[in-house]
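Lettering follows sequence order; numbering is per chain, from 1. Please read all numbers here as calculations on a predicted model, not as lab measurements.
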Protein chains: 2
Amino acid sequence: MSTELNLVTKLKENNINPSLPRIEILEYLYKNRIHPNIEEIYSAISPKMSSLSKATVYNTMELFEQKGIVNGLHIESNEIRYDIRTDRHGHFKCIECGAIYDIEVYDVKSELSTNNLKFAIITEEVNYRGICKNCIEKNNN
Amino acid sequence: MSTELNLVTKLKENNINPSLPRIEILEYLYKNRIHPNIEEIYSAISPKMSSLSKATVYNTMELFEQKGIVNGLHIESNEIRYDIRTDRHGHFKCIECGAIYDIEVYDVKSELSTNNLKFAIITEEVNYRGICKNCIEKNNN
DNA sequence: GTCTCTGCAAATCGTTTGCAATGCT
DNA sequence: AGCATTGCAAACGATTTGCAGAGAC
């Protein structure tokens, strides 16, 4: 089964009409697990699909998020980043090099864990900011 | 000891020159624990301090955050909200009524808990989004 | 032919920046 | 005088909106 077919299947499984821009964007997301923002997605695909509009990238990512195949990541205040990995995990953003790392989150013990408060949780984000290992080592030289 | 004096003391303790806008903003933050954004702070204080500029609110909040007397809350992608409560806790934002609730977070078990990865954590945010108790009840009627 | 999807341009809005005016020591 | 603080207006940048044209069934 070709990669292309997998992408189309993935879209159809999630009730998304598999148009060309949507296939391209989904492929990009699978191959570039860097929690990209809209600009990164757009400028990566735009060269091989010159008609692509940034508005389409916005539309598509909103659709993907609604359908649950990506999660929006609000670790920055000035942009949304997108994560194709949707199982529970957190993120660490290095304020020096800008890299975003996936962090395994095994358990969050909070008021909401017990459901005593009867709040209906739709999304959960665990975000850290700081200096990553690489940058700490770099700074020590 | 008057409230005013407490505010000045608080600022001085944190090496902040207690100017009038800073005192007013700090007072607002203590009296209105609603995780306000810049606009809310500005429009609340502006009537009794007509010279106040929104730029000053931005400057002041950035300063307060640097000095550690407020935390920036990135639960929304399009704005920063500020929390005068700085001990460890999380937040729940109701996507229906917009209210932001403080949530007690007792423990977060993650890769970073063990410090094996030697990442230097500067901030931690635990953010939930969903429907709050009140709105769930309202919807059931 | 209708309904969906896309692309372009303008508008919106939170935030940042540059700079002059003011205030404090 | 010199440095910190403030205020105004313009600039910026991510996102949204309106709408017209293209595409699919």
Salt bridge or not between [X] and [Y]? Use side-chain N to carboxylate O under 4.0 Å.
| X | Y | value |
| --- | --- | --- |
| A/K31 | A/E27 | yes |
| B/E104 | B/R85 | yes |
| B/E24 | B/K48 | yes |

What is the distance from [atom1] of [X] to [atom2] of [N], rounded to the nearest Å?
| X | N | atom1 | atom2 | result |
| --- | --- | --- | --- | --- |
| A/E62 | D/dA14 | CD | P | 18 Å |
| A/I41 | D/dT15 | CD1 | P | 10 Å |
| B/M61 | C/dT15 | CE | P | 11 Å |
| B/E40 | C/dG14 | CD | C1' | 13 Å |
| A/I38 | C/dG7 | CD1 | P | 14 Å |
| B/Y58 | C/dG14 | OH | C1' | 4 Å |
| B/Y42 | C/dT15 | OH | C1' | 15 Å |

### Task
At under 4.0 Å between heavy atoms, which parts of nucleotides 4-12 of chain D does protein reach? Answer with one letter per nucleotide, 5' to 3': B base, S sugar-phosphate only, - none.
-SBBB----

#### Entry: Test item: B/R129 side-chain N/O and A/I121 main-chain N/O as donor-acceptor pair under 3.5 Å
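No, the answer is negative, given that no donor and acceptor are paired below the 3.5 Å cut-off.
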
Check residues 35-47 of chain A and write down every donor-acceptor pair under 3.5 Å in which the side-chain atom is one partner and the other belongs to a residue at least two apart or another chain.
| residue | atom | partner | partner atom | Å |
| --- | --- | --- | --- | --- |
| A/H35 | NE2 | A/H91 | NE2 | 3.4 |
| A/H35 | NE2 | A/D102 | OD1 | 2.8 |
| A/N37 | OD1 | A/E39 | N | 3.4 |
| A/N37 | OD1 | A/E40 | N | 2.8 |
| A/N37 | ND2 | A/E79 | OE1 | 2.7 |
| A/E39 | OE1 | A/K54 | NZ | 2.5 |
| A/E40 | OE1 | A/N37 | N | 3.1 |
| A/E40 | OE1 | A/R81 | NH1 | 3.2 |
| A/S43 | OG | A/E39 | O | 2.9 |

### Check: B/F119 ring centroid to A/Y101 ring centroid under 6.0 Å
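Between A/Y101 and B/F119, which both carry aromatic rings, the centre distance is below 6.0 Å.
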
### Query
Do you see a donor-acceptor pair shorter than 3.5 Å between the side chains of A/E125 and A/H74?
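Yes - a donor-acceptor pair under 3.5 Å links their side chains.
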
### Side chains of B/I16 and B/K12 in contact at under 4.5 Å (non-hydrogen atoms)
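In short, these two side chains do not touch, never coming nearer than 4.5 Å.
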
### Task
Tell me which residues in residues 66-86 of chain B put a heavy atom below 4.0 Å from DNA chain D, sorted by number, or none.
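Residues of residues 66-86 of chain B that come under 4.0 Å of DNA chain D do not exist, since none gets that close.
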
